[in-house]
Amino acid sequence: MFIRKSVEERESQQLSPYAARSADTRGRKVEEEPCPVRTAYQRDRDRIIHSKSFRRLKHKTQVFIAPEGDHYRTRLTHTLEVGQIGRTIARALCLNEDLTEAIALGHDLGHTPFGHAGEEALDQVYPPGFKHNEQSLRMVEVLAREGKGLNLTWEVRDGILNHTGSVKPATLEGQIVKIADRIAYINHDIDDALRGGIIQLRDLPRECLELFGSTHSDRINIMVTDIIKNSWDKREIAMSQEVWQATQTLRIWLFENVYIGSEAKKEEVKAKRVVQMLYEYYAQHPEELPAEVICRHDQLDVNRTVVDYIAGMTDRYALKVFQQLFLPIPWIP
């Protein structure tokens with residue numbers, strides 16, 4: 001079968017000279033026989049989708065903790081929206097859509113329960129500090145598949161690690177995911193905050209409403225179109241100065257009016273305490289960790305093992321374990 005080779009040949013002929021081609025990957029940490037059907041990046045995408053950590057994203061908070069309603073975003077739906085936005089940009093710019101999708105689907109695999117509240121909680125109690133992008137990389141390199149890791153290509157791992165922070169991803173596809181992540185969360189968090197009555201449309205900065213329009217789809221369309229126009233045939237993915245400034249204004253406004261101190265965020269203090277109490281308990285009682293965790297944990301760094309265990313929890317599992325450890329069980333005669 002020569003399906004993979006034919007796809008690689010199409011990439012060579014059709015993709016931008018700035019695209020990351022599957023045949024030119026820097027490879028995996030452990031060399032493997034190539035798949036006869038899928039390219040290296042397609043294979044990475046599939047490994048991520050079939051991983052347990054990907055499935056757990058459906059029960060992890062995006063912004064609002066345990067909202068009453070079926071239509072609020074979770075970490076999984078956020079991931080899918082990042083992937084959709086990223087693929088649209090990559091396709092328009094003749095970049096590698098498969099690589100973009102693989103990075104997008106894997107970028108939040110290491111996120112904690114309760115969203116950024118959980119991330120902050122672990123960062124405060126774990127001495128080396130905790131960042132979800134670093135944990136996402138650790139998930140695909142070390143923790144997935146019962147400690148074997150997913151053995152992804154260098155380009156996907158680079159994109160996962162650098163999807164946030166000051167370091168620019170090495171590939172344009174990784175740069176797409178970095179900006180698509182921001183586009184996705186700014187816009188769906190506005191949408192969810194409107195749905196929850198936390199804000200009103202008229203509350204948004206006037207200059208942003210004038211530039212982006214009043215609907216979710218209008219905002220995303222203008223941001224994405226602007227990126228495509230400003231990144232065409234260039235070695236960098238970027239918005240125009242006007243759209244970038246307006247996007248940043250929206251982001252800052254969300255921090256001031258939704259992410260910090262709003263009615264929907266009041267439960268975060270409790271959520272952070274749940275995470276920290278779980279960390280403190282298992283750091284003192286590592287022998288009570290699940291057997292499969294004990295089998296593979298680092299004997300030299302028990303706290304690292306505890307962090308890995310807690311970071312992998314879903315919201316509901318964290319609450320279940322907390323209840324078992326700290327709340328009395330009613331006696332039934």
Side-chain angles (χ1 to χ4, degrees), residues 51-78 108-132 135-136 138-139 143-144 146-147 192 196-198 258-299 301-333:
S51 69
K52 292 179 181 177
S53 53
F54 183 79
R55 295 197 292 275
R56 288 197 298 269
L57 294 177
K58 67 180 178 181
H59 293 301
K60 293 195 178 193
T61 290
Q62 173 57 28
V63 171
F64 302 118
I65 295 173
E68 288 292 331
D70 295 331
H71 299 135
Y72 293 93
R73 270 72 171 191
T74 66
R75 190 62 55 177
L76 178 60
T77 54
H78 161 73
D108 270 354
L109 291 181
H111 230 303
T112 57
F114 312 119
H116 287 286
E119 179 177 21
E120 292 170 7
L122 284 180
D123 188 55
Q124 290 168 3
V125 296
Y126 181 52
F130 180 92
K131 294 181 179 179
H132 78 271
Q135 188 69 15
S136 294
R138 180 170 171 81
M139 179 61 70
L143 302 175
E146 287 68 50
D192 282 354
I198 305 302
V258 176
Y259 299 150
I260 300 174
S262 74
E263 188 69 24
K265 306 293 279 183
K266 286 184 176 180
E267 296 301 298
E268 281 195 353
V269 174
K270 298 177 186 176
K272 290 175 71 172
R273 190 60 188 143
V274 167
V275 170
Q276 291 178 341
M277 287 179 69
L278 289 175
Y279 174 84
E280 292 162 0
Y281 182 86
Y282 282 115
Q284 296 173 18
H285 306 281
E287 72 280 359
E288 295 189 29
L289 288 165
E292 65 272 16
V293 176
I294 294 175
C295 286
R296 65 174 185 265
H297 85 260
D298 187 344
Q299 298 287 345
D301 190 354
V302 171
N303 290 348
R304 173 75 263 179
T305 302
V306 173
V307 166
D308 291 339
Y309 178 49
I310 294 173
M313 292 180 174
T314 61
D315 296 10
R316 63 184 186 180
Y317 183 70
L319 292 173
K320 177 183 176 182
V321 174
F322 181 88
Q323 183 177 21
Q324 291 172 344
L325 292 177
F326 299 110
L327 299 183
I329 299 174
W331 181 72
I332 301 176

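Values below: every heavy atom of this structure, side chains too, minus hydrogens, waters and symmetry copies. Sequence positions, counted from 1, serve as the residue numbers for this chain. Quick caveat, the model's predicted, so the values are computed rather than measured.
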A.B. asks: Quick one: CZ on Arg56 to NZ on Lys52, what's the gap to the nearest 0.5 Å?
C.D. replies: 8.0 Å

A.B. asks: With a 4.0 Å cut-off, would you call Arg138 and Asp308 a salt bridge?
C.D. replies: yes

A.B. asks: So do the side chains of Pro113 and Thr314 get within less than 4.5 Å of each other, counting heavy atoms only?
C.D. replies: no

A.B. asks: Within the 4.5 Å heavy-atom criterion, are His132 and Thr112 side-chain neighbours or not?
C.D. replies: no

A.B. asks: Starting from the C-alpha separation in whole Å, work towards a yes-or-no answer on side chain to side chain contact (heavy atoms under 4.5 Å, CB included) for Gln135 and His111.
C.D. replies: CA-CA 7 Å; Gln135 188 69 15; His111 230 303; over 6 Å; no

A.B. asks: Please tell me if the side chains of Gln62 and Tyr72 come closer than 4.5 Å, counting only heavy atoms from C-beta onward.
C.D. replies: no

A.B. asks: Please list all pairs meeting salt bridge (Lys or Arg N to Asp or Glu O under 4.0 Å) that have one or both residues in residues 268-281, counting only residues at least two apart or in different chains.
C.D. replies: Glu120-Lys272, Lys265-Glu268, Glu267-Lys270, Arg273-Glu280

A.B. asks: Between Asp301 and Arg304, is there a donor-acceptor pair closer than 3.5 Å when you use the side chain of the first and the backbone of the second?
C.D. replies: yes

A.B. asks: With a 4.5 Å heavy-atom cut-off, do Gln276 and Gln124 have their side chains touching?
C.D. replies: yes

A.B. asks: Considering only heavy atoms from C-beta outward, does the side chain of Tyr282 approach that of Val302 to under 4.5 Å?
C.D. replies: no

A.B. asks: Which atom pairs, one a donor and one an acceptor, fall under 3.5 Å between side chains of residues 283-291 and the rest of the protein, sequence neighbours left out?
C.D. replies:
residue, atom, partner, partner atom, Å
Glu288, OE1, Tyr281, OH, 2.6
Glu288, OE2, Tyr281, OH, 2.9

A.B. asks: Going through the distances and angles, do His59 and Arg316 end up as a side-chain hydrogen bond (donor to acceptor under 3.5 Å, both in side chains)?
C.D. replies: CA-CA 7 Å; His59 293 301; Arg316 63 184 186 180; 3.1 Å; yes

A.B. asks: Does CD1 in Ile329 sit with more than 12 non-hydrogen atoms of other residues, nucleotides or ligands closer than 6.0 Å?
C.D. replies: no

A.B. asks: Any chance you could measure Leu109, atom CG, to Leu143, atom CG, to the nearest 0.5 Å?
C.D. replies: 10.5 Å

A.B. asks: Where do Val274 and Ala318 come nearest, in terms of heavy atoms and distance?
C.D. replies: CG1-O, 4.3 Å

A.B. asks: Are side-chain heavy atoms of Met313 and Leu278 found at a separation under 4.5 Å?
C.D. replies: yes

A.B. asks: Can you check whether Lys60 reaches Leu76 side chain to side chain, under 4.5 Å on heavy atoms?
C.D. replies: no

A.B. asks: How close do Phe64 and Asp192 get, counting heavy atoms only, and between which atoms?
C.D. replies: CE1-CB, 3.4 Å

A.B. asks: Under 4.5 Å between any side-chain heavy atoms of His78 and Arg75, yes or no?
C.D. replies: yes

A.B. asks: Check for a donor-acceptor pair, side chain of Asp315 on one end and backbone N or O of Phe114 on the other, with a separation under 3.5 Å.
C.D. replies: yes

A.B. asks: To the nearest 0.5 Å, what is the distance between CD1 on Ile65 and NZ on Lys266?
C.D. replies: 13.5 Å

A.B. asks: Can you tell me how far the CZ atom of Phe130 sits from the CG atom of Asp123, to the nearest 0.5 Å?
C.D. replies: 8.5 Å

A.B. asks: So, Phe322 versus Phe326, ring centres under 6.0 angstrom or not?
C.D. replies: yes

A.B. asks: Donor-acceptor check, side chain of Thr77 to backbone of Thr74, threshold 3.5 angstrom: yes or no?
C.D. replies: yes

A.B. asks: What is the ring orientation for Tyr309 with Tyr317, classed by angle as parallel under 30°, tilted 30 to 60°, or perpendicular over 60°?
C.D. replies: perpendicular

A.B. asks: Please report the shortest heavy-atom distance between Ala311 and Gly110, naming the atom on each side.
C.D. replies: CB-O, 4.2 Å

